[in-house]
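What follows is one structure encoded as structure tokens, with my remarks underneath.
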Protein chains: 2
Amino acid sequence: MKGLGELERTIMDILWAENAPLTAREVGRLIEDRDLAPTTVMTVLDRLSRKGFLSRTRDGRAWRYQPAASRDAYIAELMLEALDLTGDRDAALTRFAQAVSGSEAEILRKALTELEEQ
Amino acid sequence: MKGLGELERTIMDILWAENAPLTAREVGRLIEDRDLAPTTVMTVLDRLSRKGFLSRTRDGRAWRYQPAASRDAYIAELMLEALDLTGDRDAALTRFAQAVSGSEAEILRKALTELEEQ
DNA sequence: GGGGTAGTACTACGTCCTGTAGAGAGGTGA
DNA sequence: TCACCTCTCTACAGGACGTAGTACTACCCC
């Protein structure tokens, strides 16, 4: 899958935060701090949809972009991808379990328990 | 931390697989398939140690390289880093727990249980 | 002791990704 | 018709990586 760049992630964050599909102009307006040219935003949106992170639909002449997957799914996939890099998945998983904070361990336990019950 | 390139990862894999610190020449000999110039291997080893993935000690004129951290630790850190990208860690963790395979869920459960007992 | 060998440091170059944006085309409303 | 919006195409700079040459030093064998 591959990670995203700084601006790409900023834009994905904006789109994940919104519920509705946005146009390039709308996304641009939501990037406060940076003064980007409209074409910059359009280029990045285009690249993101080309890479499969966004889907887009026509709205008049403009495109409306929305995330192809939820942020959670993306993060989970990144984590699985990291896990795939090792030969010894069990060891890495054990290590990971030890590395998360206590409250997060609790979350994991709960999710695993629910999983088991189904 | 940042991910590694293809050749960088190949070399890290070799060093993770060995127990002893290796010289550039030895690493080069262990990369079977590719016919790399010795300096290529040296350059990559140098970059990896500069990035903190390897530590090196003198052995005569040569350097001996060894991983600065275990592969498991590296993988776990990558996973945590992915997790840091989200605003909602709990949701991502839950999603992750649902995404791992059954046997891996078992491993996670066991690790978390042992963690709890300590 | 001179040449091959091994090792180092430094430098370089092509490629790909990403951030950034301009140019030009084609609608659209005042 | 003119200003304007949005699109697509093209471009360029900087950084990471794969790859390797060059130049210099130290060592070993004949």
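Just so it is clear, the values below take in all heavy atoms, side chains as well, and ignore hydrogens, waters and symmetry mates. Chain A is the first sequence line, chain B the second, and so forth, proteins listed ahead of strands; every chain is numbered from 1.
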- Message: Tell me whether the count of non-hydrogen atoms from other residues, nucleotides or ligands lying under 6.0 Å of CG in B:D35 goes above 12.
- Response: no
- Do other residues, nucleotides or ligands put more than 12 heavy atoms under 6.0 Å from B:K110 NZ? no
- Message: Once you apply a heavy-atom cut-off of 4.0 Å, does B:R34 come out as touching a base, just sugar-phosphate, or nothing?
- Response: sugar-phosphate
- Note on the structure: To the nearest angstrom, the CG-P distance between B:L45 and D:dA20 comes to 15 Å
- Taking only N and O in the side chain of A:T40, is any of them less than 4.0 Å away from OP1 or OP2 of C:dG19? no
- Which heavy-atom pair separates B:S70 from A:R95 by the least distance, and what is that distance? OG-NH1, 3.8 Å
- Let me have a per-nucleotide readout for nucleotides 2-17 of chain D, 5' to 3', with B, S or -, counting only protein heavy atoms under 4.0 Å. ---BSBB--B-----B
- B:R58 atom CZ: more than 12 heavy-atom contacts under 6.0 Å: yes
- Message: Using modelled atom types and a 3.5 Å cut-off, is there a donor and acceptor pairing between side-chain atoms of A:T23 and backbone atoms of A:E26?
- Response: yes
